[in-house]
Number of protein chains: 2
Amino acid sequence: MEPDVFDPNCGSREVLGLIADKWSALILYALQDRTLRHAELRRTVGGISQKMLTQTLRTLEADGIVHRVALPVVPPHVEYSLTPLGASLSPVLAEVCRWAEVHLPGVHAARERRTER
Amino acid sequence: MEPDVFDPNCGSREVLGLIADKWSALILYALQDRTLRHAELRRTVGGISQKMLTQTLRTLEADGIVHRVALPVVPPHVEYSLTPLGASLSPVLAEVCRWAEVHLPGVHAARERRTER
DNA sequence: CCGTATCCAAGAAGATACTG
DNA sequence: CAGTATCTTCTTGGATACGG
């Protein structure tokens, strides 16, 4: 039985949903090859609210993508890093982010071609 | 001025949003290196409604990712294919889809480790 | 065959305030 | 510092019916 993202009943569809949200890709991109604390992540990923950061991190953690370490000190010190599974996904999403950065002019050009009609 | 997906005011953020929806990645994946008609696309991408298919195609078209050709015949015959811009994005998203298919077991395993506690 | 229009439900996401 | 809780707003997406 082969996984098939085109099959709506296949679990890989949910996995796709994992990254088809507003923040996951950015967080994974930020965490590739480094460990960041909660506040650092929040500063890196511009515009994310604390709620969405925590929420997204929890989901990624539950799916084995992100590893969370809470040091029992006061004030709290929590570190986030990628699991091996996350490390395998990160470069793929980083590619998507890079594509967005590189082809931004192309998309803008296309949008303007539309509006000038 | 360099594009930066971490900057909430940078246009590349919108571009990311382009693909951070439920269907774009699947449609792009389905269209890589082939032309499909509306109904064929709908059959290929399992579970998509006609509304979401049309809506997503329109957005992709406006952003210069998908090319639409409507042949003036009765009954209508409409073909969708990728533009060069779309062709540059397609392999990146295909990677994401393939990752989802390949690492599905890993994600499931992580989820089960959680629930057994 | 392909597309549009409308209505409706569910969930995403932001703002704010509060706790160990 | 990190996280939770609650409330409200907005968007997404599905169902359905109709039109060229």
Side-chain angles (χ1 to χ4, degrees), chain A residues 5-9 13-28 30-31 34-63 65-81 114, chain B residues 5-9 13-28 30-31 35-63 66-81 114:
Chain A
V5 285
F6 288 133
D7 178 357
N9 298 319
R13 220 17 120 64
E14 305 165 36
V15 178
L16 243 193
L18 240 182
I19 50 187
D21 69 280
K22 202 172 174 181
W23 301 111
S24 297
L26 288 171
I27 291 176
L28 273 276
L31 283 181
R34 60 179 170 176
T35 293
L36 290 178
R37 298 180 56 185
H38 183 98
E40 292 170 329
L41 257 178
R42 192 161 174 208
R43 248 174 286 121
T44 304
V45 180
I48 195 171
S49 66
Q50 197 189 44
K51 175 191 166 184
M52 291 315 298
L53 178 55
T54 301
Q55 188 174 303
T56 309
L57 284 170
R58 288 287 173 282
T59 305
L60 293 172
E61 195 191 349
D63 289 337
I65 307 286
V66 156
H67 183 55
R68 176 179 183 268
V69 178
L71 303 176
V73 294
V74 181
H77 185 109
V78 182
E79 295 186 334
Y80 293 95
S81 56
R114 290 219 84 212
Chain B
V5 285
F6 288 133
D7 178 357
N9 298 319
R13 222 11 123 65
E14 305 165 36
V15 178
L16 244 193
L18 240 182
I19 48 185
D21 69 282
K22 203 172 174 181
W23 301 111
S24 297
L26 289 172
I27 291 177
L28 273 276
L31 283 180
T35 293
L36 289 178
R37 298 182 56 186
H38 182 99
E40 291 171 329
L41 256 178
R42 192 160 175 209
R43 249 175 285 122
T44 304
V45 180
I48 194 171
S49 66
Q50 197 189 44
K51 175 191 168 185
M52 291 315 298
L53 178 55
T54 300
Q55 188 175 303
T56 309
L57 284 170
R58 287 289 173 282
T59 305
L60 293 172
E61 194 191 352
D63 288 337
V66 157
H67 182 57
R68 176 178 184 269
V69 177
L71 302 176
V73 295
V74 181
H77 184 108
V78 183
E79 296 186 334
Y80 293 95
S81 56
R114 290 219 85 211

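Predicted, not measured: the structure shown is a model, and the values here were computed from it. Heavy-atom basis, side chains included; hydrogens, waters and symmetry copies ignored.
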Distance check, rounded to the nearest 0.5 Å: B:R42 atom CZ versus B:S49 atom OG? 6.5 Å
Does B:Y80 put a side-chain nitrogen or oxygen below 4.0 Å from OP1 or OP2 of C:dG3? yes
Phosphate OP1/OP2 of C:dC1 contacted by B:R37 side-chain N/O (<4.0 Å): no
Pairs under 3.5 Å (N/O, protein and nucleotides 4-10 of chain C):
none

Before you tell me yes or no, could you show the steps for B:V69 and B:T35 under side chain to side chain contact (heavy atoms under 4.5 Å, CB included), namely the whole-Å CA-CA distance, both residues' side-chain angles and the distance that decides it to 0.1 Å? CA-CA 10 Å; B:V69 177; B:T35 293; over 6 Å; no
Integer-rounded Å distance: C:dA12 C1' and A:M52 CE: 6 Å
To the nearest 0.5 angstrom, please state how far the CG atom of B:D63 sits from the CZ atom of B:R58. 13.5 Å
According to side-chain contact (heavy atoms from CB on, under 4.5 Å), who are the partners of A:V66, at least two apart in sequence or on a separate chain? A:L31, A:L57, A:L60, A:Y80, A:L82
So which of residues 68-77 of chain A are in contact with DNA chain C, with a heavy-atom cut-off of under 4.0 Å? A:P76
Could you check how far CD of B:Q55 sits from C1' of C:dC2, rounded to whole Å? 16 Å
Distance under 4.0 Å to a non-hydrogen atom of chain B counts as contact; along DNA chain D, which nucleotides mark the start and end? D:dG13 to D:dG20
Taking the side chain as everything from C-beta on, heavy atoms only, tell me whether B:L53 gets closer than 4.5 Å to B:W23. no
Provide the closest heavy-atom pair for B:G47 versus A:P8 in the form atom of the first, atom of the second, distance. N-CG, 3.9 Å
If you look only at pairs with a residue in residues 13-22 of chain B, which of them pass as a side chain to side chain donor-acceptor pair (under 3.5 Å), with sequence neighbours excluded? A:R111-B:E14, B:D21-B:S24
Toward the 5' end of DNA chain C, which comes first, B:L57 or A:S49, by nearest nucleotide? B:L57
Stepwise side chain to side chain contact (heavy atoms under 4.5 Å, CB included) test for A:L26 and A:I48: CA-CA 10 Å; A:L26 288 171; A:I48 195 171; over 6 Å; no
What residues, two or more places apart in sequence or in another chain, satisfy side-chain contact (heavy atoms from CB on, under 4.5 Å) together with A:R43? A:A39, A:E40
Before giving the answer on side chain to side chain contact (heavy atoms under 4.5 Å, CB included), spell out for B:V45 and B:M52 the whole-Å C-alpha distance, their side-chain angles and the decisive distance to 0.1 Å. CA-CA 11 Å; B:V45 180; B:M52 291 315 298; over 6 Å; no
